[in-house]
Amino acid sequence: MRNEEVARVFERVADLLEIKGESVYRVLAYRRAAETLRGYGRDLEEVWKAGALREIPGVGEAIAAKIDELLRSGRLEYFEKLKGEVPETLSDLLQVGDVGPKKAARFWKEMGITTIDQLEEAARAGRLRTLSGMGERSEARILQSLEALRRRSSDRLPLGRAVHEAGRLLERLRSVAGVERAEAAGSLRRQRETVGDLDLIVAARDRERVRQEVAEWPDVARVLGQGETKTSLELRDGLRVQLWVHPPERFGSAWLYATGSKAHSVRLREMALDRDLSLSEHGFKRADGKEILCREEEEVYRALELPWIPPEIREDLGEVEAARAGRLPRLVEEGDLRGDLHAHSEWSDGAVDIRTLAEAALDQGLAYLAITDHSQSLGMVQGLTPERVHEQRAEIDAVQRSLGPSLRILQGAEVEILADGSLDFPDSVLTRLDLVVASLHTSLRQPRAQVTERVLRAIANPHVDMLGHPTGRLIGKRDPADLDMEAVFRSAAEHQVVMEINANPERLDLNDGHARAALGFGCLLAIGSDAHHPDHLAFRSFGVGIARRAWATRQNVLNTWAAPEVEAWLGRRRRPGPRDRG
DNA sequence: GCCGTTTTCGGCCCGACTGTTTTCAGTCG
């Protein structure tokens, strides 16, 4: 069983326990475990085999035993028993807005409702309002939430689109009179790979004015809720937006709160309590009732004797402990990137010629660029034959001569890892390239042992410098290959093969958890844009987000190095080694 | 159910918003 499957079981368990009315803390424990497993870079099965389940944050004796049972037998007796007490489909009702565990339990016990369809039928028939404490308005709200649920694609928004939408809205907010600041918060600011809804925060004195302006925006479909500090909107395309408005002197605590993660916020509040302070989005409150306001996030952290913690690692996955011990890493920044080692020209499936791409890279301040067009077997993207590789070298040399030394252009290739693990170019071609990126594009559905062996074989090939988008996943569209990632990382570290964080927002592959695990095995990372158009070079910012979420420093990322260092490193690897087996 | 510079037991964050209630429960983040 994969991490995701186990996480799903625990999520269901949490839902059913909650509907049953169990202790919220027990429910929380299952939710936390599910959440942690989902983002965990290491394979649960491997951790299990190593007898290290208890080292996973949020996994104690009871949950470790349940993971053990699940991995051993594929089922969980506790879950089966629970399903006998509470209909499993009730857990779906919790997906409906304004329906929580209490209402779900009442719908079930008092009306026999166990599915979303039955809920909708009852709401349409006006039967929900007959329950005590429920009126017409509650019923109407639930109907609206049901519609929203059906309309909303089940998937979260990819980070790329979320950044775009947020940028648009923030620009508008900043133009509203009296708005001093407007910033993104939530999982968008934390650079999660997908975003559930947009969290935006504004510093302004005149809250009423901001609220009125926003409610009149043309793309607002409806206002879901509006209060003193918080407005909740649904845009015409179904996207949900949370907007907080706070006075500037409280902006720091408010931004911190709106950014989360929830687990991180809870940790900080607990630390505040240890100091006889109560922390909320409005600031600190002392025992005597006096307030301590924080205009900047730094002031909140300082009051807790912590350095400012970057949003990308605010997940309660060790950052608070690291901060307390003064061991926060200095995370890699976009400005640290000096080159791009993954880009396509019109020699294969890119949109522009090498010169245009190179000039764009130069414009963006890059010092080097690797042209990595596809290899021959990928016919549909005009993969290069060995002859064409040779011809391309002449063009690269020509562009290099005319651009001069300010941009170093490397000739690489994104070489297909064939179904048997051999590479799509013979050694005679590979050895002439400056950089070999090996990638999977086909036969991604091979069984675990086979696809893992195939990648391990590619990694062991002495010509391979980097593994491109290692799992091959497309977010929301194509599942990752079923790789034994630990084996891949171990081998990559041993053979000094760089693991790519592919920064295309549809890929983000490695993901954050994997990248962090890879660093744990001693792998070197690279952030590649996989640009097929000059505009795509800017994708690298998404890759930086992933790298930061993985706690990567500048030293961990190959393309933060200066061009001569990178070339020296690649050149050193070019020499045939004793482990050469072709 | 988890967890511990104090605890192996007894804690476990804080507030906004809504609707249906005359004081609060449920949901959400």
Side-chain angles (χ1 to χ4, degrees), chain A residues 10 13-14 17-19 21-36 53-67 78 93-107 128-142 144-145 185-187 190 195-201 207 211 223-233 240-246 250 253-254 256-275 277-285 304-305 316 320-321 324-325:
Chain A
F10 287 156
V13 167
L17 287 174
E18 198 173 24
I19 292 167
E22 269 282 358
S23 144
V24 289
Y25 298 112
R26 177 168 298 167
V27 172
L28 229 57
Y30 280 103
R31 291 245 158 84
R32 165 132 202 263
E35 176 93 356
T36 307
L53 287 179
R54 296 288 300 273
E55 288 167 22
I56 302 172
V59 174
E61 195 182 336
I63 290 185
K66 290 185 172 69
I67 295 175
Y78 181 68
L93 295 195
L94 303 185
Q95 299 308 307
V96 182
D98 306 303
V99 177
K102 298 290 192 297
K103 282 184 193 162
R106 292 193 60 199
F107 293 154
L128 293 187
R129 68 182 76 165
T130 62
L131 290 178
S132 68
M134 294 273 306
E136 277 181 53
R137 302 174 79 157
S138 301
E139 193 175 67
R141 271 178 85 87
I142 287 178
Q144 280 197 326
S145 297
S187 47
R190 302 203 314 280
V195 173
D197 51 15
L198 293 185
D199 295 300
L200 307 177
I201 183 165
R207 297 173 162 185
R211 284 204 302 268
V223 178
L224 300 167
Q226 190 162 55
E228 185 71 7
T229 59
K230 196 178 111 179
T231 301
S232 194
L233 304 166
R240 293 193 171 203
V241 180
Q242 310 277 346
L243 176 71
W244 285 272
V245 187
H246 283 272
R250 296 182 191 270
S253 50
L256 186 67
Y257 162 79
T259 299
S261 67
K262 188 167 176 174
H264 180 82
S265 298
V266 167
R267 285 299 302 275
L268 297 187
R269 286 171 179 187
E270 285 170 356
M271 287 185 70
L273 283 179
D274 289 342
R275 290 165 173 74
L277 295 169
S278 166
L279 172 62
S280 78
E281 56 266 48
H282 302 293
F284 291 102
K285 212 178 265 176
L304 300 173
E305 297 171 77
D316 192 22
V320 174
E321 289 76 7
R324 195 153 44 192

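In what follows, chains carry the letters A, B, and so on, assigned in the order in which the sequence lines appear, proteins first and then strands, with residues in each chain numbered from 1.
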When the [atom1] atoms of [M] and [N] are compared, how many Å lie between them, rounded to an integer?
| N | M | atom1 | value |
| --- | --- | --- | --- |
| B:dC17 | B:dT23 | P | 23 Å |
| B:dT20 | B:dA25 | C1' | 10 Å |
| B:dG4 | B:dT21 | C1' | 42 Å |
| B:dT5 | B:dG1 | C1' | 24 Å |
| B:dT22 | B:dC28 | C1' | 25 Å |
| B:dC14 | B:dC9 | P | 26 Å |
| B:dG11 | B:dA16 | C1' | 26 Å |
| B:dC2 | B:dT6 | P | 23 Å |

Pick base, sugar-phosphate or nothing for [X], based on heavy-atom distances below 4.0 Å to the nucleic acid.
| X | value |
| --- | --- |
| A:Lys262 | base |
| A:Gly260 | nothing |
| A:Tyr30 | sugar-phosphate |
| A:Ser278 | sugar-phosphate |
| A:Leu268 | nothing |
| A:Leu279 | sugar-phosphate |
| A:Arg137 | sugar-phosphate |
| A:Arg141 | sugar-phosphate |
| A:Glu136 | sugar-phosphate |

- Could you give the start and end, 5' to 3', of the contact zone on DNA chain B for chain A, using atoms under 4.0 Å from its heavy atoms?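 Counting from the 5' end, contacts occupy B:dG1 to B:dG29.
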Quiz: residues 96-105 of chain A side-chain donor-acceptor pairs under 3.5 angstrom, not counting sequence neighbours:
residue  : atom : partner  : partner atom : Å
A:Asp98  : OD1  : A:Arg141 : NH2          : 3.4
A:Asp98  : OD2  : A:Ser145 : OG           : 2.9
A:Lys103 : NZ   : A:Asp98  : O            : 3.1

- Query: Does any pair with a residue in residues 56-65 of chain A pass side-chain hydrogen bond (donor to acceptor under 3.5 Å, both in side chains), and if so which ones, sequence neighbours excluded?
  - Reply: none
- Message: Would you say A:Thr231 and A:Arg207 are linked by a side-chain donor-acceptor pair, where the criterion is simply a distance under 3.5 Å?
- Response: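 Distance-only check fails for A:Arg207 and A:Thr231.
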Using side chain to side chain contact (heavy atoms under 4.5 Å, CB included) as the criterion, list what pairs up with [X], not counting sequence neighbours.
| X | result |
| --- | --- |
| A:Thr130 | A:Met111 |
| A:Thr259 | A:Ala185, A:Arg189, A:Arg190, A:Trp255, A:Glu297, A:Pro311, A:Arg314 |
| A:Arg267 | A:Glu270, A:Asp316, A:Val320, A:Glu321, A:Arg324 |

- Using both distances under 3.5 Å as the test, list the Watson-Crick or G-U wobble partner of B:dT8, or none.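 No nucleotide pairs with B:dT8.
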- Message: Nearest heavy atom decides the nucleotide; on that basis, is A:Leu224 or A:Ser280 closer to the 5' end of DNA chain B?
- Response: A:Ser280
- Message: Need to verify one output field. Residue with the more 5' nearest nucleotide on DNA chain B, A:Gly133 or A:Ile63?
- Response: A:Ile63
- Task: Could you tell me the separation between the CD1 atom of A:Ile56 and the OG1 atom of A:Thr36, rounded to the nearest 0.5 Å?
- Result: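 Atom-to-atom, A:Ile56:CD1 and A:Thr36:OG1 are 8.5 Å apart.
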- Applying the side chain to side chain contact (heavy atoms under 4.5 Å, CB included) test to A:Tyr257, which of A:Arg250, A:Lys262, A:His282, A:Arg269 qualifies?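 With A:Tyr257 as partner, side chain to side chain contact (heavy atoms under 4.5 Å, CB included) holds for just one option, A:Arg269.
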